[in-house]
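First comes the structure, then the notes that go with it.
Atoms within each ligand, like the ligands themselves, are counted from 1 in listed order. Quick note: numbers below take in every heavy atom, side chains included, and nothing from hydrogens, waters or symmetry partners.
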Amino acid sequence: MSLKVMKFGGSSVGDPERMKRVASRIVETQRAGDQCVVVVSAMGDTTDDLIDLTKQISDVAPPAREMDMLLTTGEQVSVALLSMAIHSLGQSVVSYTGWQAGMYTEAVHGKARITDIQPKRIFDALEQGNVVIVAGFQGMTEDGEITTLGRGGSDTTAVALAAAIKADVCEIFTDVDGIYSTDPRVVKCARKLPEITYDEMLELANLGAAVLHPRAVEYAKNYNVLLVVRSSFNHNAGTNVKEEAAMEQGIVVRGIASDKNVARISILGVAEKPGQLAKVFTALAAAQIDVDIIVQSGVLNGLADFSFTVALSDKERAVRVLEGIQSEVGFREVTSQENLVKVSIVGAGMVSTPGVAAKMFEVISELGLSINMVSTSEIKTSCVIDSGRLNEVIQALHTAYGLDTDQQAFVGGPAERR
Ligand code: ASP
Ligand code: MG
């Protein structure tokens, strides 16, 4: 008998039929002898629909507290309905809101972090033979205020809960069969990975592989929770996310990810003297702008050029911040560029294998494309390129690193909403 946390995303419980199918699966698992703690997201596009409603109420951004009050209702609908579906199959079951389940968070609305979990009630209910269902994405502050964990936060609820109750496994059920070497909607012969390390998964999740929420992966790594990503539409094995993962023979790159949310900003003709970079990036940090890749090109006549990338949505703001410190820092001009994309290869084996990045540059240049920026970490190499031929680049890299398979990837229902 094992203790399992099973998490079902919004598309897996998107309508009553799907909800009933999920209910049968849970009952099947419980009756096979496991204890099941289930975490669910809001049905389908509910969270987005609720956000749309607020826009019809007022143009002014709603108070963050009331936003959380509203958005947490989505998950409450799910837990209640799923509980009813399970009940109708003759299985004893109880549903809890985040706060009933003892999920405590910091006092931040909209993106709170979990600070403590007191699962006594969950244990008691399990003891009595119940399936326990917990609303994802929500918690409560010490003062009894309702909070949410940020979009896609149900994954984090599931992993944190699995850590707190020392579950044997945290299964994340979604609409794909597992983690793929790249998006199977782009590359038909993408490879389903039997295993992947937390660090690799974290890189991929941060790079926009939307299957898992980055914070959930971080949590799983810190508490060593075995995560299994699998389909809610079939019983295929899925992908295990864990501390160490075996590499398939001859494969160094585990996955390829891309991020279209990239803009490049360049500061040209910066007077070369100590502290210049610090001034620029301190000003950007003060404006809450995340900077990704930073490149300094050579110095000519005491003047340097810098380029860096930011999220597309931060571009205008970043330019304004820089214009605001132009006279203080002393540079000639700021330019910016859109229509870029960051392509990355990720693999723990890169640490000890030379030539992996070189091959990436070669593949991209053989397509006649130039690379605007490069960044590397121990297990990742990213290139910023023009966005026009992204899919072609991903396919070429996938082939070059020996990742193509002869099987078509299974892609189930509609994409999971984030
Ligand atoms: N319902 C929330 C969202 O759409 C949380 C989640 O799905 O994980 O972001
Ligand atoms: Mg989700």
| note | ligand 1 to Arg151, heavy atom cutoff 4.0 Å, flagged ligand atoms 3 (C), 4 (O), 9 (O)

| request: Just jot down the ligand 1 atoms closer than 4.0 angstrom to any heavy atom of Gly152, in number order. | output: 3 (C), 5 (C), 6 (C), 8 (O), 9 (O)

| Are side-chain N/O atoms of Asn339 and Ser387 paired as donor and acceptor at under 3.5 Å? | no

Would you call [X] a ligand 1 contact, heavy-atom distance under 4.0 Å?
X: Gly10; value: no
X: Glu75; value: yes
X: Gly74; value: no

| query | Pairs in or reaching into residues 286-297: which pass salt bridge (Lys or Arg N to Asp or Glu O under 4.0 Å), with residues at least two apart or in two chains? | reply | Asp292-Lys342

Below 3.5 Å, N or O to N or O, backbone or side chain included: is there any such pair between [X] and ligand 1?
X: Ser41; result: yes
X: Phe137; result: no
X: Lys7; result: no

| Between Lys20 and Glu17, is the closest basic N to carboxylate O distance under 4.0 Å? | yes

| field | Pairwise side-chain contact, Asp168 with Leu226, heavy-atom cut-off 4.5 Å (strictly under) | value | no

| request: Hey, could you give me the OG/CZ distance between Ser266 and Phe331, rounded to the nearest 0.5 Å? | output: 11.5 Å

| request: Could you tell me which residues satisfy side-chain hydrogen bond (donor to acceptor under 3.5 Å, both in side chains) with Thr197, sequence neighbours excluded, listed by chain and number? | output: Glu200

